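This report concerns only the one structure given below.
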Amino acid sequence: MIIYAVKDYEEMSRKAAAVMAALVVSKPNAVLGLATGSTPVGMYGKLVEWYKNGDLDFSQVSSVNLDEYKGLSGDNDQSYRYFMNTNLFDHINIDKARTNVPNGLAEDAAQACEEYNEIIRSMGGVDMQLLGIGGNGHIGFNEPSDVFEKETHVVDLTESTILANARFFESMDQVPKQAITMGIKNIMDARKILLVATGEGKADALYKSLFGPITPKVPASILQLHSDVVVVADEAALSLIKEKGLL
Ligand code: F6R
């Protein structure tokens with residue numbers, strides 16, 4: 001495992017973008033596993049900037065995203081498809097037909113999950129999976145649990161997540177109650193993992209994930225079993241690890 005300890009959000013964004021850019025330069029038809037959330041926004045901004053400067057070409061790149069809310073269409077501004085379009089895809093020369101986000105509107109969600117696994121397999125697997133981390137150690141929508149869920153599956157969102165999301169919707173019944181997420185096996189199958197973390201709110205989860213026992217109670221702890229993980233984290237996110245003398 002490589003841990004890049006950087007100063008702040010800006011440096012994290014630049015370093016993480018550099019790790020992904022290095023792959024795109026060395027393998028122009030790379031399959032990127034992508035994530036949403038606030039952590040990678042700056043990193044996506046850097047990739048856009050370097051594309052606009054002429055340093056990156058995404059014309060042969062494909063992508064698969066980790067997760068999507070069930071019940072939201074891609075043009076809903078709360079959907080993860082919308083997030084990816086507006087933060088990255090609309091600003092680079094990636095072929096949108098080669099970008100995949102789970103279908104939140106599928107009538108048969110179980111079938112949609114199976115199809116998503118099949119899409120990942122048919123692409124030849126993921127070269128680099130980008131991950132943010134939840135304050136509780138979640139990755140994708142794989143929340144702390146008694147078991148590691150293997151492949152793409154439907155999850156019930158916790159009451160606190162539903163309430164936290166409520167402010168973005170006009171009424172409570174529009175707030176998604178479920179999501180579709182890649183499972184732990186899908187994530188672990190990626191040839192390389194790029195984990196990004198910023199801020200003190202991630203310090204405990206990062207310490208437990210990288211140095212604690214491997215347990216589904218801290219889903220990201222499974223990454224200790226992956227043979228090619230790059231972590232890019234800022235001082236605040238690494239504060240507990242440093243305090244314990246582990247870095
Ligand atoms: C996003 C995702 C989530 C986030 C995590 C951290 O696709 O799967 O696991 O990576 O919740 O979110 P932020 O970056 O907003 O702190």
Side-chain angles (χ1 to χ4, degrees), residues 6 8-10 12-13 16-17 20 32-46 63-70 72 74 76-89 99-104 113 116 120 126 128-145 148-149 151-158 160-165 167-168 176 178-188 190 193-206 208-210 216 218-223 229-234 236-238:
V6 297
D8 53 19
Y9 183 78
E10 167 64 23
M12 182 209 65
S13 302
M20 189 164 276
L32 304 179
L34 299 175
T36 59
S38 50
T39 313
V41 170
M43 167 190 173
Y44 290 151
K46 285 283 162 217
S63 71
V64 273
N65 260 76
L66 280 171
D67 43 17
E68 178 60 286
Y69 286 120
K70 198 165 168 291
L72 296 193
N76 185 306
D77 63 6
Q78 294 305 316
S79 74
Y80 287 175
R81 160 56 75 181
Y82 186 92
F83 175 100
M84 288 313 302
N85 287 347
T86 51
N87 282 287
L88 185 64
F89 301 153
T99 67
N100 298 279
V101 180
N103 178 6
C113 291
Y116 206 65
I120 299 170
V126 172
M128 178 182 288
Q129 179 64 56
L130 173 66
L131 298 173
I133 183 168
N136 60 4
H138 74 220
I139 44 179
F141 265 116
N142 295 278
E143 296 291 347
S145 152
F148 288 116
E149 291 275 356
E151 294 199 293
T152 310
H153 58 286
V154 175
V155 285
D156 295 325
L157 302 182
T158 60
S160 63
T161 303
I162 296 169
L163 285 175
N165 286 343
R167 66 186 190 280
F168 301 118
Q178 291 183 309
I180 295 176
T181 182
M182 275 190 203
I184 294 295
K185 181 178 186 314
N186 299 115
I187 293 170
M188 290 293 284
I193 302 279
L194 171 57
L195 177 70
V196 288
T198 178
E200 220 174 312
K202 303 296 171 70
D204 185 57
L206 207 55
K208 287 182 178 147
S209 300
L210 303 187
V218 183
S221 64
I222 193 81
L223 299 176
V229 178
V230 176
V231 179
V232 184
D234 64 12
L238 289 167

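Model, not experiment: these values are computed from the prediction. Read the numbers this way: they start at 1 and go in the same order the structure lists the ligands and their atoms.
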Task: E149 and N142 side chains, donor-acceptor separation under 3.5 Å - done: no
Task: Closest approach of any protein heavy atom to atom 14 (O) of ligand 1, naming residue and atom - done: T39 OG1, 2.4 Å
Task: Any Y44 side-chain heavy atom under 4.5 Å of L130 side chain - done: yes
Task: Non-hydrogen side-chain atoms of M12 and T39 separated by less than 4.5 Å - done: yes
TODO: Name the closest protein heavy atom to atom 2 (C) of ligand 1, giving the residue it belongs to and the distance to 0.1 Å.
DONE: D67 OD2, 3.4 Å
Open item on the list: On a heavy-atom basis, I'd like to know which of L131, I133, N65 is closest to atom 6 (C) of ligand 1.
Closed with: I133
Open item on the list: Within ligand 1, which atoms have a heavy atom of L66 less than 4.0 Å away?
Closed with: 8 (O)
Open item on the list: Checking a contact table here: which protein heavy atom is nearest atom 15 (O) of ligand 1, and how many Å away?
Closed with: S38 N, 2.8 Å
Task: N/O donor-acceptor pair under 3.5 Å between N186 side chain and T152 backbone - done: yes
Open item on the list: I'd like to know if the side chain of Y80 and the backbone of P102 have a donor-acceptor N/O pair within less than 3.5 Å.
Closed with: no
Open item on the list: Show me which atoms of ligand 1 lie under 4.0 Å from any heavy atom of G37.
Closed with: 14 (O), 15 (O)
Open item on the list: How far is atom 16 (O) of ligand 1 from the closest protein heavy atom, and which atom is that?
Closed with: K202 NZ, 2.6 Å
Open item on the list: Is the distance between the ring centroids of Y69 and F141 under 6.0 Å?
Closed with: yes
Open item on the list: Students should be able to answer this: which protein heavy-atom is nearest to atom 11 (O) of ligand 1, and at what distance?
Closed with: H138 NE2, 2.6 Å
TODO: Verify, without hydrogens or angle tests, whether D67 (side chain) and I180 (backbone) share a donor-acceptor contact under 3.5 angstrom.
DONE: no
Open item on the list: Return the closest protein heavy atom for atom 1 (C) of ligand 1 as residue, atom name and distance.
Closed with: T36 OG1, 3.1 Å
Open item on the list: Out of all atoms in ligand 1, which are within 4.0 Å of some heavy atom of G132? Include the element for each.
Closed with: 10 (O)
Open item on the list: Checking V126 against I187 for the side chain to side chain contact (heavy atoms under 4.5 Å, CB included) test, could you report, in this order, the C-alpha distance in whole Å, the side-chain angles of both residues, the deciding distance, and whether it holds?
Closed with: CA-CA 9 Å; V126 172; I187 293 170; over 6 Å; no
Task: N/O separation below 3.5 Å, G140 to ligand 1 - done: yes
